[in-house]
Q: 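What follows is a single structure, and I will ask about it in a moment.
When reading the values below, keep in mind they use all heavy atoms of this one structure, side chains included, and skip hydrogens, waters and symmetry mates. As the structure is a prediction and not an experimental result, all values here were calculated from the model.
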Amino acid sequence: MAGKEIIHKMKEKVGIGSSADSGKGKSKKSKHVTHGYHLVKGKSHHAMEDYIVAQFKQVDDNELGLFAIYDGHLSHIIPDYLRSNLFDTILKEPDFWTAPENAMRRAYRITDTTILDKAADLGSGGSTAVTAILINGQMLVVANVGDSRAVICKNGVAKQLSVDHEPNVEREEIERRGGFVSNFPGDVPRVDGQLAVARAFGDKSLKEHLSSEPDVAKEMIDDDTEFIILASDGLWKVMSNQEAADAIKNIKDARSAAKRLTEEALSRESTDDISCVVVKFL
């Protein structure tokens with residue numbers, strides 16, 4: 001029994017077992033496209049607040065890769081709600097196939113309004129989001145609010161597709177809405193002294209001063225594309241885009257790559273929840 005306990009504690013230390021979740025999958029249409037994910041709970045005393053989506057979905061004659069990171073704050077209910085509902089809302093938009101960027105923007109707005117309307121049931125917390133839809137293995141559309149991030153790597157060079165929505169950067173818009181950005185010594189800038197991102201889903205008490213409008217980007221997948229990384233800020237607080245790309249460039253298995261990134265973040269003493277999805281183009 002003592003030996004099993006020691007092994008269990010060793011696993012927990014590197015994020016395996018009850019404190020971690022991982023998985024993988026592959027495209028049926030594009031045999032060279034695979035995905036993997038790995039999540040590790042941070043050192044906070046609250047429940048895990050990161051949720052992910054990583055799946056391939058057949059829609060008529062098309063295949064969609066649906067990938068997302070939802071990082072909750074003061075709530076695990078809202079990111080879980082997003083996991084269950086946001087992609088469905090996007091895909092129900094009538095112009096998704098002709099104008100996916102517009103469909104994602106509209107779906108983000110509809111979803112945020114629904115969350116605010118259901119605050120009595122969902123609570124007053126919030127969540128950041130980064131969503132990526134891979135259409136038939138050829139085109140990637142990314143939307144985000146907050147500081148979870150999407151990065152694509154082509155020919156060894158990392159390129160950020162999402163936008164980190166930082167209070168200091170969006171101070172003018174926050175103040176125009178009647179809010180303020182605090183800059184207390186030893187702390188990060190916060191909207192109204194509370195939230196460390198300038199855009200998010202939910203957060204009903206701050207919503208007058210907070211945007212849920214996503215930044216949206218489109219990227220074509222070509223022969224130079226090696227992989228995509230989606231991760232919560234638990235990774236990006238301690239690693240640059242290029243460092244993350246370099247860490248997994250020689251790992252073929254997508255789940256192993258995602259696990260490698262979470263382990264590296266832990267070794268660099270990240271204390272936040274860490275969630276990571278890697279999509280590999282072999």
Q: Can Ser148 and Thr128 be counted as having a side-chain donor-acceptor contact under 3.5 angstrom?
A: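 Yes, because at least one side-chain N or O of Ser148 sits under 3.5 Å from a partner of the opposite role on Thr128.
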Q: Give a yes or no on this: more than 12 heavy atoms of other residues, nucleotides or ligands lie within 6.0 Å of atom NZ of Lys26.
A: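 Result for NZ/Lys26: open.
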Q: Closest approach of Ala200 and Ser212, non-hydrogen atoms and distance?
A: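 So the two residues come closest at O-CB, 3.5 Å.
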Q: Does any non-hydrogen side-chain atom of Asp192 lie less than 4.5 Å from one of Phe180?
A: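 Yes, their side chains come closer than 4.5 Å.
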Q: Got Ile229 and Cys276 here, is their nearest side-chain heavy-atom distance under 4.5 Å?
A: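 Yes. Closest side-chain heavy atoms under 4.5 Å.
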Q: Taking the six-membered ring for Trp, are Phe56 and Phe67 parallel (under 30°), tilted (30 to 60°) or perpendicular (over 60°)?
A: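 It falls in the perpendicular class, over 60°.
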Q: Would Glu63 and Ser30 count as having a side-chain donor-acceptor pair, cut-off 3.5 Å?
A: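 Glu63 vs Ser30: no donor-acceptor pair found between side chains.
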Q: Do the side chains of Asp95 and Arg106 get close enough for a salt bridge, i.e. N-O under 4.0 angstrom?
A: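 Yes, Asp95 and Arg106 are salt-bridged.
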Q: To the nearest 0.5 Å, what is the distance between CG on Asp222 and CE on Met139?
A: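 Atom-to-atom, Asp222:CG and Met139:CE are 14.0 Å apart.
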Q: Pick out which of Arg199, Arg176, Arg177 makes a salt bridge (Lys or Arg N to Asp or Glu O under 4.0 Å) with Glu170.
A: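 The salt bridge (Lys or Arg N to Asp or Glu O under 4.0 Å) with Glu170 is passed solely by Arg199 among Arg199, Arg176, Arg177.
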Q: Give a yes or no answer on whether the side chain of Ser232 reaches the backbone of Ser275 with a donor-acceptor pair at less than 3.5 Å.
A: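 Checked: pair present.
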Q: Got a sec, which residues hit side-chain hydrogen bond (donor to acceptor under 3.5 Å, both in side chains) with Glu166, two or more places apart in sequence or on another chain?
A: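 With neighbours one apart ignored, the set is empty.
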Q: Taking ILVMFWY side chains as joined if any heavy atoms are under 4.5 angstrom apart, and letting links pass through other members, which residues group with Leu195?
A: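 Traced through the cluster, Leu195 reaches Ile174, Val181, Val191, Val197, Leu206, Leu210.
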Q: With a 4.5 Å cut-off on side-chain heavy atoms, are Asp50 and Val40 touching?
A: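 Val40 does not reach Asp50 side chain to side chain.
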Q: Are more than 12 heavy atoms, taken from residues, nucleotides or ligands other than Ile135, located less than 6.0 Å from that residue's CD1 atom?
A: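 Enclosed: over 12 neighbouring heavy atoms sit under 6.0 Å from CD1 of Ile135.
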Q: Is it the case that the side chains of Asn62 and Gln58 hold a donor-acceptor pair, with the cut-off being a distance below 3.5 Å and no angle test?
A: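 The answer is no; no qualifying pair exists.
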Q: Taking atom NZ of Lys92 as the centre, report whether more than 12 heavy atoms of other residues, nucleotides or ligands fall under 6.0 Å from it.
A: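 Atom NZ in Lys92 is not crowded, with 12 or fewer foreign heavy atoms closer than 6.0 Å.
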Q: Go through the structure and list residues passing side-chain hydrogen bond (donor to acceptor under 3.5 Å, both in side chains) with Glu243, not counting sequence neighbours.
A: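 Here the qualifying residues are Ser240, Arg268.
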Q: Between the side chains of Arg149 and Asn241, is a donor N or O closer than 3.5 angstrom to an acceptor N or O?
A: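 A donor-acceptor contact under 3.5 Å links the two side chains.
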Q: In terms of side-chain geometry, is the basic nitrogen of Lys280 or Glu226 positioned less than 4.0 Å from the acidic oxygen of its partner?
A: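 Between Glu226 and Lys280 there is no salt bridge, as every charged N stays at least 4.0 Å from the carboxylate O atoms.
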Q: Salt bridge check: are Asp80 and Arg83 linked by an N-O gap of less than 4.0 Å?
A: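 Salt bridge between Asp80 and Arg83, a charged N being under 4.0 Å from a carboxylate O: yes.
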Q: Please determine which of Asp272, Asp147, Asp164 meets the salt bridge (Lys or Arg N to Asp or Glu O under 4.0 Å) test together with Lys237.
A: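 Of the listed options, the one satisfying the test is Asp272.
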Q: Do Arg171 and Asn183 come within less than 4.5 Å of each other through their side chains, counting heavy atoms only?
A: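 Sidechains of Asn183 and Arg171: in contact.
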Q: Other residues, nucleotides and ligands only: do more than 12 of their heavy atoms fall within 6.0 Å of CG on Asp187?
A: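 For Asp187, atom CG is crowded (more than 12 foreign heavy atoms under 6.0 Å).
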Q: Is there a side-chain contact between Lys218 and Val142 (heavy atoms, below 4.5 Å)?
A: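 In short, these two side chains do not touch, never coming nearer than 4.5 Å.
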Q: Got Leu86 and Thr131 here, is their nearest side-chain heavy-atom distance under 4.5 Å?
A: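 A side-chain contact under 4.5 Å exists here.
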Q: Going from NZ on Lys154 to CZ on Phe227, what distance comes out if it is rounded to the nearest 0.5 angstrom?
A: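 Atom-to-atom, Lys154:NZ and Phe227:CZ are 13.0 Å apart.
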Q: When Ser162 is tested against each of Asn144, Ile69, Val151 for side chain to side chain contact (heavy atoms under 4.5 Å, CB included), which residue passes?
A: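 The residue from Asn144, Ile69, Val151 that satisfies side chain to side chain contact (heavy atoms under 4.5 Å, CB included) with Ser162 turns out to be Asn144.
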Q: Decide if atom NE2 of His76 counts as having more than 12 heavy atoms of other residues, nucleotides or ligands within a radius under 6.0 Å.
A: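 12 or below, so no.
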Q: Measure the shortest side-chain to side-chain distance between Trp97 and Val59 over non-hydrogen atoms and say whether it is less than 4.5 angstrom.
A: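 Yes - at least one pair of side-chain heavy atoms lies under 4.5 Å apart.
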Q: Nearest 0.5 Å please: distance from the CG atom of Leu230 over to the NE2 atom of His35.
A: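 Nearest 0.5 Å value for the CG-NE2 distance: 12.0 Å.
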Q: With a 4.5 Å limit on heavy-atom distance, are the side chains of Tyr108 and Leu82 in contact?
A: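 No - every pair of side-chain heavy atoms lies 4.5 Å or more apart.
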